[in-house]
2 protein chains.
Amino acid sequence: MANLSEIARLTNVSISTVSKVLNGKGRVSEAKRKEILRVARQLGYTPNYHARSMARKSKILTVGLIVPDIINPFFASLTRGVEKACGEDSLVILMDSFRNLEREEKLIKNARFFGIDGIIIGNSRVSDDLVEEISTYIPVVVFDKFYELDNVVSIVLDNRYGAYMATKHLIENGCKNIVHLGGTHELYVSLERARGYEAAMNEASLKPVVEPVGYNESVGYEGMKRLLELGFQIDGVFCMNDLVAIGAIKALKEKGLRIPEDVAVIGFDNDKELCEIVDPPLSSIHQPVEEMGEVAAKLLFELIKGNSKIKRYVFTPRLVVRQSSLKKVKT
Amino acid sequence: MANLSEIARLTNVSISTVSKVLNGKGRVSEAKRKEILRVARQLGYTPNYHARSMARKSKILTVGLIVPDIINPFFASLTRGVEKACGEDSLVILMDSFRNLEREEKLIKNARFFGIDGIIIGNSRVSDDLVEEISTYIPVVVFDKFYELDNVVSIVLDNRYGAYMATKHLIENGCKNIVHLGGTHELYVSLERARGYEAAMNEASLKPVVEPVGYNESVGYEGMKRLLELGFQIDGVFCMNDLVAIGAIKALKEKGLRIPEDVAVIGFDNDKELCEIVDPPLSSIHQPVEEMGEVAAKLLFELIKGNSKIKRYVFTPRLVVRQSSLKKVKT
DNA sequence: TTGAAAGCGCTAACAT
DNA sequence: ATGTTAGCGCTTTCAA
């Protein structure tokens with residue numbers, strides 16, 4: 001690889017003259033300037049990034065973004081937001097753990113060795129201890145969980161409120177027997193959503209029924225089937241996410257139930273592509289994921305610069321009504 | 001930031017002794033070793049990545065992955081594949097152009113200034129000149145287009161064959177009047193698919209009808225609607241991708257046509273989540289995207305090392321039959 | 001077992 | 001206008 005000294009040698013000038021020309025600083029005679037540029041181009045010279053970073057005071061910021069699954073639209077949107085906030089002069093190092101928690105924790109542990117200036121952790125399953133440890137070395141932004149640590153800021157969605165809204169919406173549409181598919185203990189957000197559901201049910205003096213399921217279509221399908229076979233009378237379903245809702249809809253249809261006439265359904269996440277494609281279009285709770293990614297990156301930059309005023313940033317979800325929840329209300 | 005010399009000062013040893021301890025090389029007395037480790041931990045020492053990269057011969061490879069839209073499952077899967085191939089000891093710098101070609105070209109042009117050792121370009125809309133220029137500085141892997149350049153290798157899917165398979169499948173299922181939604185001139189792959197469609201139609205002495213559309217649901221919907229309103233007799237539709245197919249299905253249903261009984265439909269890309277959720281489940285042409293990403297990264301590493309034997313790697317698509325194309329065949 | 005010193009490629013302050 | 005030089009933080013060879 002060509003470097004400054006080689007160009008200097010070939011053009012009979014000093015290294016610093018070459019540096020000046022290539023950076024457009026200082027004054028250099030036209031003749032030398034042209035010659036230097038010519039040789040540099042001919043050699044295919046590219047400045048050495050690491051040498052630059054060392055010698056310069058102003059660095060290019062590098063943020064490590066750790067996600068469990070880049071194929072999941074949620075994390076893809078998050079990534080998009082982070083990229084947006086990074087603009088021209090920061091780099092995003094994407095680290096996908098392939099849904100493997102062990103790999104994820106290793107990635108987080110190693111992040112600091114890669115010239116990364118701060119990390120954004122896209123999910124809440126990583127251990128508190130790890131977050132505490134890594135944050136002594138490097139600024140951290142985490143999602144969905146609050147930490148009382150110096151070098152950490154949290155981005156949280158008010159999941160409880162979102163779930164509350166969803167449930168209340170079903171109630172206002174005339175549902176009495178509303179079940180919730182979700183609430184496994186594995187994910188913090190899952191628990192929060194279950195709580196919001198319960199709150200709305202209790203407020204309306206209705207009996208909450210929670211069927212614990214994970215986060216994909218098949219568990220939604222199975223969970224719904226289980227409930228139906230148990231003989232529950234159901235006229236509304238609040239699902240912990242859209243995929244689960246899609247599975248549930250499938251199970252409901254198989255039993256000959258009409259949506260929303262017999263059973264109203266609502267999901268969570270508002271994955272547009274999915275929600276609009278299902279039949280009937282699925283109502284859902286929208287979280288501003290992309291914006292959350294942007295804010296995460298901006299807060300991380302503040303943290304890196306040392307101006308960490310904010311410790312926690314709460315986003316409020318929004319109800320998006322489509323057909324699946326619009327049961328005719330008897331007034 | 002703590003550095004070696006600070007630790008050295010605090011422990012009254014030389015920098016090189018500290019370096020040895022921290023890297024587990026050479027022999028150092030137990031006493032000093034412990035002390036050094038203790039101080040390093042206390043100071044929250046993290047080695048300076050750039051300094052390391054400069055001093056060491058063996059580098060951590062850094063690959064720049066440029067995609068037009070990380071939210072598109074295609075590119076998300078591609079990214080996943082690249083990440084997989086990178087494993088523990090290479091970094092992926094993700095650069096999303098937000099579907100902005102200008103931004104994309106800028107990203108590519110600047111990649112070499114960021115310590116990136118090679119780039120993977122995830123789409124074929126970038127100009128040939130740019131690929132040629134950048135490849136004089138840095139190894140490049142491109143998708144979907146072949147270049148006769150030294151420092152470039154191409155990964156291509158046999159789009160034509162995929163389209164041919166899809167069309168032939170419809171023909172074998174008894175369709176006679178098959179239209180194609182796709183074939184805009186903007187994308188190379190789009191043209192290739194249209195060609196494959198035409199080949200299959202000609203082979204069966206059927207008349208090809210191409211309705212040019214882009215790549216999302218709404219254009220599929222509009223395109224299909226246009227054709228129907230023009231009064232075409234249609235019993236089969238081959239769409240340039242799954243989203244277009246979903247739009248087309250919507251338009252067909254609105255006209256009261258049954259799928260697949262009246263009209264058989266097939267897409268391209270085999271976005272599993274989408275295909276399985278649509279009603280009826282959508283047949284499609286599968287491309288092994290993740291694997292393509294893995295191969296791209298591996299070939300890039302070879303290119304970086306200088307062992308570029310392969311200039312081009314062709315993947316063969318696969319037909320995935322679901323219900324949407326299974327018209328009863330009169331035998 | 002320990003340390004001095006060279007060097008990685010670059011920038012920038014300071015001569016000349 | 002041009003060059004000299006001192007770092008940036010680390011690894012590594014070589015000498016003590």
Side-chain angles (χ1 to χ4, degrees), chain A residues 1-41 43-62 89 110 112-117 137-138, chain B residues 1-37 39-40 43-62 89 110 112-117 137-138:
Chain A
M1 251 313 185
N3 58 21
L4 287 197
S5 69
E6 189 174 350
I7 299 178
R9 193 164 49 73
L10 258 36
T11 52
N12 296 312
V13 298
S14 74
I15 293 185
S16 57
T17 302
V18 178
S19 173
K20 277 168 199 156
V21 170
L22 262 23
N23 290 294
K25 298 188 179 177
R27 346 222 115 271
V28 178
S29 74
E30 233 355 71
K32 299 209 173 198
R33 143 174 244 90
K34 285 206 165 166
E35 174 66 356
I36 288 171
L37 251 23
R38 199 183 59 72
V39 173
R41 192 144 18 201
L43 258 42
Y45 170 78
T46 290
N48 181 307
Y49 172 67
H50 299 299
R52 259 201 180 159
S53 301
M54 288 211 60
R56 280 183 171 163
K57 26 208 94 211
S58 78
K59 285 179 34 96
I60 286 189
L61 254 31
T62 306
D89 31 45
N110 290 332
R112 68 195 176 100
F113 300 116
F114 297 135
I116 288 173
D117 301 297
Y137 293 109
I138 199 174
Chain B
M1 251 315 187
N3 56 22
L4 287 197
S5 70
E6 190 174 353
I7 300 178
R9 193 166 48 72
L10 259 35
T11 52
N12 295 312
V13 297
S14 75
I15 292 185
S16 54
T17 302
V18 178
S19 172
K20 278 168 199 155
V21 170
L22 262 25
N23 290 295
K25 298 188 177 176
R27 341 222 118 272
V28 178
S29 73
E30 232 357 70
K32 299 209 175 202
R33 141 174 246 89
K34 286 206 165 167
E35 175 66 357
I36 289 171
L37 251 20
V39 173
L43 257 43
Y45 170 78
T46 291
N48 181 308
Y49 172 68
H50 299 299
R52 258 201 180 160
S53 301
M54 286 208 59
R56 279 184 172 165
K57 25 209 97 209
S58 77
K59 284 176 36 89
I60 286 188
L61 253 34
T62 306
D89 30 44
N110 290 331
R112 68 194 176 98
F113 300 115
F114 297 134
I116 288 173
D117 301 297
Y137 294 108
I138 200 174

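To find a chain, count down the sequence lines: A is the first, B the second, and so on, and within it residues start at 1. As the structure is a prediction and not an experimental result, all values here were calculated from the model.
The rotation axes computed at either terminus of the helix from C/dT1-D/dA16 to C/dT16-D/dA1 lie 50° apart, taking five pairs at each end and rounding to 10 degrees.
For DNA chain C, the neighbouring residues in residues 18-34 of chain A, judged by any heavy atom under 4.0 Å, are A/S19, A/N23, A/K25. The stretch residues 45-56 of chain A touches DNA chain D through A/M54, A/A55, each having a heavy atom under 4.0 angstrom from the strand. Scanning residues 4-16 of chain A for heavy-atom distances under 4.0 Å to DNA chain C yields A/L4, A/I15, A/S16.
Nearest heavy atom pair, residue B/A51 against residue A/M54, reads CA-SD, 3.4 Å. For the pair B/V13 and B/V18, the tightest heavy-atom approach, listed with the atom from each and the gap, is CG2-CG2, 3.6 Å.
Atom CG of A/D89 is separated from atom CG of A/L61 by 8.5 Å, given to the nearest 0.5 angstrom. The distance from the CZ atom of A/R33 to the CZ atom of A/R38 is 15.0 Å, given to the nearest 0.5 Å. The OG1 atom of A/T11 sits 10.5 Å away from the CD atom of A/E6 when rounded to the nearest 0.5 Å. The line from CG of A/N12 to CD1 of A/I36 is 10.5 Å long, rounded to the nearest 0.5 Å. The distance from the CZ atom of B/F114 to the OG1 atom of A/T62 is 9.5 Å, given to the nearest 0.5 Å.
Between A/I138 and A/I116 there is a side-chain heavy-atom pair separated by less than 4.5 Å. Between B/I7 and B/L43 the shortest side-chain heavy-atom distance falls below 4.5 Å. Looking at heavy atoms from C-beta onward, B/L37 lies out of side-chain contact with B/K34 at the 4.5 angstrom threshold. Proximity of A/L22 to A/L4: side-chain heavy atoms (C-beta onward) are separated by under 4.5 Å at one or more points.
Residues meeting the salt bridge (charged side-chain N to carboxylate O under 4.0 Å, His left out) test with B/K25, sequence neighbours left out: none. Shown here are the side-chain hydrogen bond (donor to acceptor under 3.5 Å, both in side chains) partners of B/T17, two or more places apart in sequence or in another chain: B/S14. Looking at residues two or more places apart in sequence or on another chain, you find no ring-ring contact (aromatic ring centres under 6.0 Å, His included) involving B/Y45. In this structure, B/R9 has no salt bridge (charged side-chain N to carboxylate O under 4.0 Å, His left out) partners at least two apart in sequence or on a different chain. Shown here are the side-chain hydrogen bond (donor to acceptor under 3.5 Å, both in side chains) partners of B/S19, two or more places apart in sequence or in another chain: B/N23. Under the rule for a ring-ring contact (aromatic ring centres under 6.0 Å, His included), the partners of A/Y49 that lie at least two apart in sequence or sit in another chain are B/H50.
Here the range on DNA chain D touched by chain B, meaning any atom under 4.0 Å from one of its heavy atoms, is D/dG9 to D/dT12. Protein chain B contacts DNA chain C over a range whose 5' and 3' limits, counting nucleotides with an atom under 4.0 angstrom from a non-hydrogen atom, are C/dT1 to C/dG9.
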